[in-house]
Amino acid sequence: MSALEKHLHMGGLPPRPTMPGGLQSGSKMRMGPGRKRDFSPVPWSQYFESMEDVVVESETGKASFRVYRSGSEGPVLLLLHGGGHSALSWAVFTTAITSRIRCRVLAIDQRGHGETKVRNPEELSAETMARDIGNVVEALYGDLPPPIMLIGHSMGGAIAVHTAAANLVPSLLGLCVIDVVEGTAMDALNSMQNFLRSRPKTFKSLENAIEWSVKSGQIRNLESARVSMAGQIKQCEEATTPEGPKAIVEGIIEEEEEDEEENGGQSINKRKKEDDTDTKKERPYTWRIELSKTEKYWEGWFRGLSNLFLSCAIPKQLLLAGVDRLDKDLTIGQMQGKFQMQVLPQCGHAVHEDAPDKVAEAVATFLLRHRFTESVGGFHCVFPAC
């Protein structure tokens, strides 16, 4: 498998990446004597100012889109999450961006994700999802929407491009796509199902899921994982099945190995039995969306994306976790100055969660350079032209 194929550009789902400090996922992470990381969940209200369900009427019926908001003036940053994630993946970024520039944040749970309720949640075509964004904007702002910048990560980046290209947001002033490129995304699709099968099917608790997300490298920032993981999983409606606990304990084997040494050689098998017993006492958690069942839409999200992105006649920004993600069309476009690009190294695929301050700084600088807003809190644009 090539280096490019090792990065699955869908909703922050990297195949066992390198952990910070050179650790591989699966390595035991040492915190030192007396130091214990807190994997307890944190509420959305610590990062967003408000939450509401926006009711949208369309030809397919009534739908309710969960949105989170912050800020009261300036351009609207409309944030679209990656596949399997939710609007909560933008929580820490929201605090970072609103402390740098005058703006409003609108983060949306897309159909089939988070707390959004639609009649046909399994219908995830790029066209349908793009129409959803236009419908939400219209429901919120009517015929005179404020200036809006679309910002999307992975699948959300693809939907942002489709939304912009179809002119579904009439007041669109800019477009930012985070770590999704047609070439590498298409290459990664071949190994996506294998990766999805390798994930734990269930977790005994939300804390357990947060721990897994950090130790597996899906989200490298513990603060973000504590608020965003609740948008990825839900409590099962029925009691656990026999294979459930097996998936759980395999997902956090690092903790078991640490506990074995700290508890005088207690066996891993004994730990597994205890976990099995504990899990059966309460309903476990599972993924909100079965991404494996969305496979028929993957190609539609990404094929032709580079040319579609380049064709959007608005200021554009591309943020990547590695320069190797650029395909031929984007390389030529970048050399021709058709968009601004910035590489944020030492991040996983979930760039905006792993390095929210760096992403906020890049987005704020982009908006200030184009004079779309003003800085706040003493933030200074790093480019002289600002």
Side-chain angles (χ1 to χ4, degrees), residues 41-57 62-82 85-118 129-153 156-157 159-160 163-164 168-176 178 223-224 226-232 288 352-353 356-357 359-360 363-364 366-367 372-377 379:
V42 175
W44 63 266
S45 55
Q46 289 195 19
Y47 298 92
F48 296 101
E49 294 175 2
S50 65
M51 175 271 290
E52 63 182 290
D53 293 318
V54 179
V55 177
V56 170
E57 297 276 3
K62 185 178 295 186
S64 173
F65 288 85
R66 172 65 56 88
V67 303
Y68 300 85
R69 306 171 84 165
S70 284
S72 58
E73 56 183 350
V76 173
L77 309 185
L78 200 164
L79 311 179
L80 302 179
H81 59 80
H85 286 237
S86 78
L88 297 179
S89 68
W90 299 100
V92 184
F93 167 82
T94 293
T95 299
I97 193 69
T98 54
S99 69
R100 286 169 167 80
I101 57 172
R102 199 179 311 279
C103 67
R104 288 170 279 181
V105 165
L106 177 67
I108 302 176
D109 281 352
Q110 298 185 81
R111 66 167 49 230
H113 295 75
E115 297 291 346
T116 283
K117 310 297 182 187
V118 297
M129 297 181 77
R131 282 197 301 271
D132 286 342
I133 305 309
N135 290 337
V136 170
V137 169
E138 183 178 7
L140 283 171
Y141 305 112
D143 295 330
L144 295 173
I148 293 175
M149 179 171 177
L150 280 171
I151 303 176
H153 166 250
I159 301 306
T163 303
L168 295 172
V169 178
S171 58
L172 193 62
L173 56 78
L175 174 64
C176 175
I178 301 178
E223 180 185 8
S224 187
R226 291 176 67 190
V227 63
S228 71
M229 200 62 191
Q232 291 193 55
R288 287 181 180 268
H352 59 303
E353 294 201 66
D357 286 313
V359 174
V363 171
F366 176 85
L367 286 161
F372 291 148
T373 189
E374 301 172 348
S375 63
V376 298
F379 175 73

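Note that these values count all heavy atoms, side chains included, but never hydrogens, waters or copies made by symmetry.
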* **Polar side-chain atom of His81 near backbone of Gln110 as donor-acceptor pair, under 3.5 Å** => yes
* Any sub-3.5 Å donor-acceptor pair from Asp109's side-chain atoms to Glu115's backbone N or O? -> yes
* Close side-chain approach of Val55 and Lys62, heavy atoms under 4.5 Å -> yes
* Are any non-hydrogen side-chain atoms of Trp90 and Ile151 less than 4.5 angstrom apart? -> yes
* Asked: Is the side chain of Glu73 donor-acceptor paired with the backbone N or O of Arg102 at a distance under 3.5 Å, no angle test?
  -> no
* Indicate yes or no for a side-chain donor-acceptor contact from Ser171 to the backbone of Pro146 under 3.5 Å, with no hydrogens or angles considered. => yes
* **Reported CZ-to-CZ distance for the pair Phe366 and Phe372, which is rounded to 0.5 angstrom** => 6.0 Å
* Would you check if Leu77 and Leu367 make a side-chain contact, meaning some heavy-atom pair closer than 4.5 Å? => yes
* Structure fact -> Closest non-hydrogen contact found for Thr98 with Thr95 is OG1-O, 3.3 Å
* Roughly how far, to the nearest 0.5 Å, is the CZ atom of Arg288 from the OG atom of Ser86? -> 7.0 Å
* To do: If the plane angle is over 60° it's perpendicular, under 30° parallel, otherwise tilted; pick one for His153 and His85.
  => perpendicular
* To do: Working to the nearest 0.5 Å, report the span between CG of Leu140 and CD1 of Ile108.
  => 7.5 Å
* Structure fact -> One should read off an interatomic distance between Lys117 NZ and Ser64 OG, to the nearest 0.5 angstrom, of 8.5 Å
* Find out whether Leu79 and Thr94 are in side-chain contact, i.e. whether some heavy atom of one side chain is under 4.5 Å from a heavy atom of the other. => yes
* Asked: If you take all heavy atoms of Ile101 and Val376, which pair is closest and at what distance?
  -> N-CG2, 3.5 Å
* Structure fact -> The side chain to side chain contact (heavy atoms under 4.5 Å, CB included) partner of Pro147 among Leu173, Val76, Thr373 is Leu173
* To the nearest 0.5 angstrom, please state how far the CD atom of Glu138 sits from the CG atom of Asp143. => 6.5 Å
* Asked: What heavy-atom pair brings Val118 and Ala63 nearest, and what distance separates the two atoms?
  -> CG1-CB, 3.6 Å
* Are any non-hydrogen side-chain atoms of Asp357 and Arg100 less than 4.5 angstrom apart? -> yes
* NE2-OG distance between His113 and Ser89, expressed to the nearest 0.5 angstrom -> 10.0 Å
* Would you indicate whether the side-chain heavy atoms of Ile148 and Leu106 approach each other to under 4.5 Å? => no
* Check for a donor-acceptor pair, side chain of Arg104 on one end and backbone N or O of Leu78 on the other, with a separation under 3.5 Å. => no
* Structure fact -> Scanning both residues in full, the closest heavy-atom pair of Cys176 with Val363 reads SG-CG2, 4.3 Å
* Please name the pair of heavy atoms, one in Leu150 and one in Ala160, separated by the smallest distance, quoted to 0.1 Å. => CD1-O, 3.5 Å
* Measure across Leu168 and Arg131 and return the closest heavy-atom pair with its distance rounded to 0.1 Å. => CD1-N, 3.8 Å
* Asked: Is there a side-chain contact between Leu88 and Phe48 (heavy atoms, below 4.5 Å)?
  -> yes
* To do: With the side chain counted from C-beta on, respond yes when Arg66 and Met51 share a heavy-atom pair under 4.5 Å apart, and no when they do not.
  => yes
* So, the side chain of Ser70 versus the backbone of Glu49: is there a donor-acceptor pair under 3.5 Å, distance only? -> yes
